[in-house]
There are 2 protein chains.
Amino acid sequence: MRASRLPFPKFFRGTAMSPEQGAFRALADPTRREILKHLSRSDMTIAEVADLFDVTRGAIKKHLVILEQGQLISVEAKGRERLNRLRPHGLKAATDWLSYFDRFWDDKLAALGQVIDAANSTKKDNDNE
Amino acid sequence: MRASRLPFPKFFRGTAMSPEQGAFRALADPTRREILKHLSRSDMTIAEVADLFDVTRGAIKKHLVILEQGQLISVEAKGRERLNRLRPHGLKAATDWLSYFDRFWDDKLAALGQVIDAANSTKKDNDNE
DNA sequence: CAGATGTGATACCTTTTGGTATCGCATCAA
DNA sequence: TTGATGCGATACCAAAAGGTATCACATCTG
């Protein structure tokens, strides 16, 4: 029977996802990333979003639900329609997570990061985390 | 027969993924994000990574393959072992993609972004509503 | 009112993901 | 040489993801 087709993955039914988990899950799909770019220009109903892609409204609706679960958009009932609006602060969860690695990919920042590390722990880098 | 269990998803067999697609796909899993943090501290063999988690080596190996496909790590054969090393520049693909939205979530940057937009397109740009 | 329309909710399908267990091979150590 | 040990490679499984089609319902509009 597979307890089939429940609306949420197990790890999200009942408890909350970490903010960066929701954000990264939502960002993993290219269609959803495109939707975000469109919503950054203007709020849109489901039908308006669906018109921009080659998939059905149902598929777009599912993408929007995942974006909403990831706190990347908010949805406002507006008469018969529902307006999807970018919630840009949600992306900050992903940006913040990634910022940990800034020192590693930017050579200029790397030098700075090492200076800061040295200053913060003049003895050694023990167990960070 | 389902052409079952091919090593790569269809969109990656044959052609290349966009850099941000590979990065975001890899980042979508919490175990992989943790692996990246560990690798930022030191290079590790598969067995060493697997010891940090409660899953089998096989599962960790699959995660490392996805991280490698996303250009987030590189793997160097070292005798009988294989050393997995963070490739931090790969994360820049995700950071770059997200930077488009900086102006939306940081109010201080928003003002700056609008100034820049205005300066860059004092004439056109009236396509939003 | 009656019809058109935007949406929600299902049911169902295929593919991908994340996991296990297992086998075989190369390489290191005794 | 003979084991141990890291890994690669499969085969297999359950669940999640991404999609379609369809129906019901609320809400606009003539």
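Atoms considered below: every heavy atom in the structure, side chains included; atoms not considered: hydrogens, waters and symmetry mates. Naming: A, B, ... by sequence-line order, numbering from 1 per chain.
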Regarding A:A59, tell me which of base, sugar-phosphate or nothing describes its non-hydrogen contacts under 4.0 Å with the strands shown. base
On a heavy-atom basis, which atom in B:F53 and which in B:I60 lie closest, and how many Å separate them? CD1-CD1, 3.9 Å
Between C:dT17 (P) and A:R25 (CZ): distance, integer Å: 14 Å
Could you report the tightest heavy-atom contact between B:L72 and B:A26, atom names first, then the distance? CD2-CB, 3.7 Å
Between A:K62 (NZ) and D:dA17 (P), how many Å, whole number? 10 Å
Whole-Å distance, A:Q21 CD to D:dA17 P, equals 10 Å
Measuring from the side chain of A:K61 (C-beta onward, heavy atoms only), which nucleotide among D:dC7, C:dG8, D:dG18 has the closest atom? C:dG8
Within the structure, does a side-chain N or O atom of A:H63 lie under 4.0 Å from either OP1 or OP2 of D:dA17? no
Whether each nucleotide of nucleotides 21-30 of chain D has a protein heavy atom under 4.0 Å at its base (B), only at its sugar-phosphate (S) or at neither (-) is summarised, 5' to 3', as ------BS--
Does OP1 or OP2 of C:dG18 have a side-chain N or O of B:T31 closer than 4.0 Å? no
Does B:R82 make a side-chain N or O approach to OP1 or OP2 of D:dG8 shorter than 4.0 Å? yes
Joint cluster assignment, B:I46 & B:L83, ILVMFWY side-chain distance < 4.5 Å: no
Once you round it to whole Å, what is the distance between C1' of C:dT17 and CG of B:L64? 15 Å
Taking the nucleotide of DNA chain D with the closest heavy atom to each, which residue, A:V55 or B:T45, is nearer the 5' end? B:T45
Transitive ILVMFWY side-chain link A:I35 to A:I66, under 4.5 Å: no
Rounded to the nearest 0.5 angstrom, the OG1-CG distance for A:T31 and A:D54 is 10.0 Å
Should B:W97 and A:L27 count as side-chain neighbours, where that means a heavy-atom distance under 4.5 Å? yes
How are the rings of B:F24 and A:F24 set relative to one another: parallel (under 30°), tilted (30 to 60°) or perpendicular (over 60°)? tilted
Send over the distance from B:D51 CG to D:dG6 P, rounded to a whole Å. 9 Å
How many whole angstroms separate atom CD1 of A:I60 from atom C1' of C:dA9? 17 Å
Could you tell me how far apart B:I46 (CD1) and D:dT5 (P) are, to the nearest whole angstrom? 17 Å
Please state how far atom CG in B:L27 lies from atom P in C:dT17, giving the value in whole angstrom units. 14 Å
